[in-house]
J.: 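Below is the structure I would like to discuss, written out as structure tokens.
Labels below follow one simple rule: chain letters A, B, ... track the order of the sequence lines, proteins then strands, and each chain is numbered from 1.
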Protein chains: 2
Amino acid sequence: MTQRNEKSGSYHHGDLRDELLQAAVEVAAERGLHGLSLRECARRAGVSHAAPYRHFADKDALLLALGEQGDAWLAEAGRAAMAGIDDAQERLDAYGVAYVRFAVEHPVHFRIMFTSELNGPTDGETDDGETDDGETDDGKEGAFDLLVRSAAEATGTTGEQALVAGFASWCVPHGLAMLLLDGRVPSERAATPEQIDELSRTVLTLWRRGT
Amino acid sequence: MTQRNEKSGSYHHGDLRDELLQAAVEVAAERGLHGLSLRECARRAGVSHAAPYRHFADKDALLLALGEQGDAWLAEAGRAAMAGIDDAQERLDAYGVAYVRFAVEHPVHFRIMFTSELNGPTDGETDDGETDDGETDDGKEGAFDLLVRSAAEATGTTGEQALVAGFASWCVPHGLAMLLLDGRVPSERAATPEQIDELSRTVLTLWRRGT
DNA sequence: GTACTATGTAGACACTGTCAACAATGATGA
DNA sequence: TCATCATTGTTGACAGTGTCTACATAGTAC
């Protein structure tokens with residue numbers, strides 16, 4: 001919780017950066033992402049309206065930090081979900097379930113992670129070919145690599161094909177997560193975590209064994 | 001009627017509502033959704049900053065209008081794509097390809113359609129059970145019904161199961177579309193409409209052919 | 001014509017992101 | 001111990017925004 005009983009007296013806050021991030025999640029959860037304001041975060045952290053600029057270059061930088069936090073958490077959740085599962089197919093399912101669960105448990109982070117608009121224009125027409133496919137910051141990509149490896153194993157493919165298979169295995173939970181966050185699933189079908197896990201599993205297996 | 005070709009000189013604009021919608025898409029495409037402002041739209045339409053309020057209650061109302069426009073377009077695209085295809089499975093695939101293509105061709109509309117935050121808080125915990133499942137405004141739901149019907153036919157299910165199958169058939173193109181819009185697909189794999197169609201088809205049919 | 005309604009404008013308000021100038025704090029080194 | 005200095009916070013300002021109220025103009029019906 002936001003426990004600022006002691007620190008209110010001191011000039012220096014001590015952990016403002018983290019508290020701002022927390023406040024941002026709180027505000028975004030209440031008012032939506034487009035209702036998030038740095039000043040409100042500062043208010044909740046008990047500091048002046050310009051204090052955040054000592055920790056973040058601008059508002060986008062704060063959102064970016066939240067996104068990276070989310071990337072790390074998701075990667076960890078994915079790894080944990082897949083750990084110890086030998087069957088590649090089951091591993092893929094476990095990842096998908098964990099993915100959707102993460103999105104539902106951290107909707108603000110998830111939405112920020114997939115909002116783009118933090119790098120460039122909406123359409124993504126910028127020629128970002130060469131700077132994007134090199135060594136990456138082991139967060140989500142680590143999890144993605146694991147996904148690709150599992151997909152490759154499950155489909156018996158390699159290289160190019162395996163990559164597409166991994167990507168395809170990403171689409172399903174991602175789509176489900178997005179639709180869930182947008183309230184496109186009747187609430188009686190997605191009220192509890194158990195229901196959501198169940199739904200994820202159903203969708204994942206339906207997609208695979210399709211017909 | 002719309003007899004206002006010389007709109008710059010006349011007091012009344014003649015078609016301001018539409019022009020505002022167009023301007024909004026333009027601005028959002030340039031600056032991202034969070035960079036969209038009513039005042040900028042007004043500026044581009046050549047009217048004063050308060051003029052939009054004669055046509056939209058507030059900013060959200062304008063976004064909502066764009067969303068509804070997108071719903072209608074998408075439904076039409078889906079219907080057109082499925083028209084004349086007898087095999088249910090192929091119909092589902094065709095819908096998916098059209099869905100993704102729509103998202104890529106109308107990224108601003110698509111993103112607005114699935115941004116929620118226009119109705120309530122992010123988490124969707126509001127008890128909107130009864131007002132949401134009744135008769136709907138035949139836009140997206142019409143397309144969704146068609147999707148469910150096709151999924152039911154393809155899977156040989158009915159009722160509850162068919163609904164979930166239809167929903168699952170929605171998740172895949174939706175996830176793919178979202179990942180595409182967020183630039184998560186290497187640009188060399190999604191540069192042209194043909195490549196995107198190809199990718200959609202691959203993702204949609206991956207597991208069916210694979211196993 | 002006059003009255004009414006639809007649609008536009010001007011001005012104001014609170015709020016926001018962001019910057020520059022200033023102030024308090026804690027660490028560093030003589 | 002004390003002067004120095006980078007870090008971190010505050011205050012005040014600016015332009016831009018959503019939105020409201022009051023006013024102006026155009027088109028329409030009588």
J.: State yes or no: are the ring centers of H174(A) and F167(A) separated by less than 6.0 Å?
T.: no

J.: Are any of the side-chain heavy atoms of L199(A) and V203(A) separated by less than 4.5 Å?
T.: yes

J.: Between dT25(C) atom P and R54(A) atom CZ, what is the distance in whole Å?
T.: 16 Å

J.: In this structure, how many angstroms lie between the P atom of dA14(C) and the CZ atom of R39(A), rounded?
T.: 14 Å

J.: Rounding to an integer number of Å, can you tell me how far L36(A) CG sits from dT16(C) P?
T.: 10 Å

J.: Between dT18(C), dG18(D), dT9(C), which nucleotide gets closest to the side-chain atoms of V47(B)?
T.: dT9(C)

J.: Tell me which nucleotide among dG12(D), dG18(D), dT16(C) gets nearest to the side chain of H49(A).
T.: dG12(D)

J.: Any donor and acceptor pair, going by atom type alone, linking the side chain of R111(B) with main-chain N or O of L181(B) inside 3.5 Å?
T.: yes

J.: Under 4.0 Å, heavy atoms only, any strand: does S48(A) hit a base, just the sugar-phosphate, or nothing?
T.: base

J.: Rounding to a whole Å, what distance do you find between L38(A):CG and dG9(D):C1'?
T.: 15 Å

J.: Could you check how far CG of L62(B) sits from P of dT19(D), rounded to whole Å?
T.: 11 Å

J.: To the nearest Å, how far apart are H34(A) NE2 and dC15(C) C1'?
T.: 14 Å

J.: Using whole Å, report how far CG of L63(A) lies from P of dT18(C).
T.: 10 Å

J.: Roughly how far apart are L63(A) CG and L38(A) CG, rounded to 0.5 Å?
T.: 8.0 Å

J.: Taking NE2 from H55(B) and C1' from dT5(C), how many angstroms apart are they, rounded to a whole number?
T.: 14 Å

J.: Let's see if you can work this out: which of dG18(D), dT9(C), dT10(D) has an atom nearest to the side-chain heavy atoms of A50(A)?
T.: dT10(D)

J.: Nearest to the A51(B) side chain among dG17(C), dG8(C), dT17(D), which nucleotide is it?
T.: dG8(C)

J.: Do the ring planes of W170(A) and F144(A) sit parallel (below 30°), tilted (30 to 60°) or perpendicular (above 60°)?
T.: tilted

J.: Once you apply a heavy-atom cut-off of 4.0 Å, does R43(B) come out as touching a base, just sugar-phosphate, or nothing?
T.: sugar-phosphate

